[in-house]
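Heavy-atom basis, side chains included; hydrogens, waters and symmetry copies ignored.
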Amino acid sequence: MSKNNEANRKKNKKKIDQKKRKIQNAEAERKARLKQIREDFKARETDKNA
């Protein structure tokens, strides 16, 4: 395999890995935000009932 193909493959792999990482980070942030919203909602419900 020529050097150029190898370099292109590495560059493309790096781009794909960065996209995957970005998606995973966004997903983690979304889950954390949903968890926080649920906790806030539960806290408000317990305050209403108390």
Side-chain angles (χ1 to χ4, degrees):
M1 185 172 272
S2 71
K3 261 190 174 178
N4 195 31
N5 285 345
E6 188 71 25
N8 285 340
R9 193 157 41 113
K10 284 182 181 179
K11 193 168 77 172
N12 288 339
K13 185 180 180 332
K14 187 176 180 183
K15 273 187 184 178
I16 290 170
D17 289 345
Q18 285 175 342
K19 284 183 181 179
K20 284 182 184 176
R21 203 172 304 116
K22 187 176 179 182
I23 290 169
Q24 287 174 341
N25 289 343
E27 190 71 17
E29 287 178 17
R30 186 183 70 82
K31 284 183 180 180
R33 197 165 46 242
L34 285 174
K35 186 177 179 183
Q36 186 64 45
I37 289 170
R38 276 191 232 106
E39 288 173 0
D40 291 348
F41 182 75
K42 284 181 185 176
R44 268 185 290 172
E45 288 296 310
T46 55
D47 287 348
K48 284 182 184 177
N49 294 337

Task: Results of side chain to side chain donor-acceptor pair (under 3.5 Å) for Gln36 - residues two or more places apart only - done: Asp40
Open item on the list: Could you work out, with side chain to side chain donor-acceptor pair (under 3.5 Å) as the rule, every residue matching Asn4, not counting sequence neighbours?
Closed with: none
Open item on the list: Could you check whether Glu39 pairs with Lys42 (Lys NZ or Arg NE/NH1/NH2 to Asp/Glu carboxylate O, under 4.0 Å)?
Closed with: no
TODO: Begin from the C-alpha positions of Glu6 and Arg9 and carry the test salt bridge (charged side-chain N to carboxylate O under 4.0 Å, His left out) through to its verdict.
DONE: CA-CA 5 Å; Glu6 188 71 25; Arg9 193 157 41 113; 2.7 Å; yes
- [ ] With rounding to the nearest 0.5 Å, note down the distance linking CD in Gln18 to CZ in Arg21.
- [x] 6.5 Å
- [ ] Working to the nearest 0.5 Å, report the span between CZ of Arg33 and CD of Glu29.
- [x] 7.0 Å
TODO: State the NZ-CG distance between Lys13 and Asp17, to the nearest 0.5 angstrom.
DONE: 4.0 Å
